[in-house]
Amino acid sequence: MFRKLIMSPAIRPILLVVFLVVLWDLTIRLFSIPAYLIPPPGKVMVQLVEQWPMLLSESYFTTEATVWGFLLSIVVGVPIAMVIAYSRIVESYVYPLLVFSQSVPKVAIAPLFVVWFGFGILPKVITAFLLGFFPIVVSTVMGFKSVESDMLDLARSMGASRLQTFFKISLPAALPAMFSGLKVSVTLAVVGAVVGEFVGSNSGIGYVLQVANGNFDLPLMFAGLVLLSVIGVLLFAVVDLIERMMIPWHASQRVN
């Protein structure tokens with residue numbers, strides 16, 4: 001029973017986290033690392049407990065900007081990827097521009113969004129969108145381009161319309177690659193939201209990190225980083241759950 005519990009897929013990540021926390025604490029003790037360099041996990045936990053109402057409140061703003069930026073990435077990225085996948089002319093024009101846009105550091109252009117759109121949620125959403133947009137486009141293009149031509153020819157020979165071919169063959173075949181991009185995108189969207197909070201915001205976990213850094217409060221800073229990691233993991237889990245519901249037939253969803 002105990003061995004079965006240990007080998008459970010839900011328990012393994014928790015065990016790994018516990019192992020890493022213990023290793024973190026032992027490393028600090030063995031090498032006598034001062035707290036102003038790396039705080040011990042106990043102090044981080046104390047800050048998590050004491051500052052929990054504030055951290056929970058600030059995490060709402062970061063999560064809100066992340067989700068809106070991620071949804072905007074889907075709404076804009078998927079149609080563009082479909083056009084690129086089905087048109088070589090559009091691909092030759094648009095794809096290089098998309099690659100070029102990704103070489104521009106988002107930290108460098110994020111202050112422009114604050115100048116243009118103020119200190120509200122919009123700059124954070126745009127930054128989250130810019131970081132989460134490209135993985136969705138690349139993976140979706142790859143998914144639609146990977147559809148077997150024999151299946152498409154078979155559908156046409158049986159009299160299927162373009163719309164039927166798309167919904168019955170092309171879209172289901174592209175969904176696994178699309179969800180791979182969505183998983184990468186949702187984690188990058190968290191980073192984008194925090195970047196937006198760094199350059200111009202008075203709310204969110206990014207703002208908390210800035211305040212903690214200014215006060216040299218490393219335990220609070222690590223507590224904020226832990227909470228950011230939890231937000232990323234939860235959003236990733238939501239996307240993974242939706243993937244399991246939409247493509248249960250795919251090989252990646254089979255339990256060995």
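The structure displayed is predicted, hence computed values, not measured ones.
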Would a 4.5 Å heavy-atom cut-off, applied to side chains only, mark [X] and [Y] as touching?
X	Y	answer
Ile80	Phe133	yes
Met45	Leu48	yes
Glu243	Asp240	yes
Leu182	Val186	no

*Yes or no on side chain to side chain contact (heavy atoms under 4.5 Å, CB included) for Phe144 and Met178, after CA distance, side-chain angles and deciding distance?*
CA-CA 9 Å; Phe144 280 107; Met178 191 184 302; 4.1 Å; yes

For [X] versus [Y], what's the shortest heavy-atom pair and its separation?
X	Y	result
Pro135	Leu188	CG-CD1, 3.7 Å
Ala128	Ala65	CB-O, 4.0 Å
Pro40	Asp25	CB-OD1, 4.4 Å
Ile38	Leu218	N-CD2, 4.2 Å
Gly143	Ala177	CA-CB, 3.6 Å
Pro41	Ile28	CD-CD1, 4.3 Å

Say whether [X] and [Y] are linked into one hydrophobic cluster, either directly or through other cluster members, by side-chain heavy-atom distances under 4.5 angstrom.
X	Y	value
Leu228	Val67	yes
Val211	Phe61	no
Met54	Leu227	yes
Val78	Met142	no
Val233	Leu225	no

_More than 12 heavy atoms from other groups under 6.0 Å of OH on Tyr60_ =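 Check fails, neighbour count at 12 or below.
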
*Under 6.0 Å from the CD1 atom of Ile89, do we count more than 12 heavy atoms belonging to anything else shown?*
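Check fails, neighbour count at 12 or below.
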
[X] [atom1] to [Y] [atom2] distance, which is reported to the nearest 0.5 Å:
X	Y	atom1	atom2	result
Glu64	Thr66	CD	OG1	10.0 Å
Leu131	Ser185	CG	OG	9.0 Å
Phe179	Thr140	CZ	OG1	10.0 Å
Glu197	Tyr207	CD	OH	11.5 Å
Leu130	Ser73	CG	OG	8.0 Å
Leu220	Glu50	CG	CD	10.5 Å

*Passes side chain to side chain contact (heavy atoms under 4.5 Å, CB included), Val239 versus Phe70? Steps please.*
CA-CA 11 Å; Val239 176; Phe70 175 62; 4.0 Å; yes

*Only counting residues at least two apart or in another chain, list the ones meeting salt bridge (charged side-chain N to carboxylate O under 4.0 Å, His left out) with Arg88.*
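Result, salt bridge (charged side-chain N to carboxylate O under 4.0 Å, His left out) vs Arg88: none returned.
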
*Hey, do the aromatic rings of Trp24 and Phe222 have their centres closer than 6.0 Å?*
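Between Phe222 and Trp24, which both carry aromatic rings, the centre distance is below 6.0 Å.
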
*Output every pair passing side chain to side chain donor-acceptor pair (under 3.5 Å) with a member in residues 216-235, not counting sequence neighbours, ordered by first then second residue.*
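For residues 216-235, and leaving out neighbouring residues, the side chain to side chain donor-acceptor pair (under 3.5 Å) pairs sorted by first residue read Gln47-Asp217.
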
*Reference residue Ser59; test side-chain contact (heavy atoms from CB on, under 4.5 Å); the match among Val208, Ile231, Val230*: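 So the option named by the test is Ile231.
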
_Please check this pair: side chain of Ser139 against backbone of Ser180, looking for a donor-acceptor N/O pair closer than 3.5 Å._
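No: the side chain of Ser139 does not pair with the backbone of Ser180.
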
*So, the side chain of Thr187 versus the backbone of Val184: is there a donor-acceptor pair under 3.5 Å, distance only?*
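Yes, because the side chain of Thr187 sits within donor-acceptor range (under 3.5 Å) of the backbone of Val184.
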
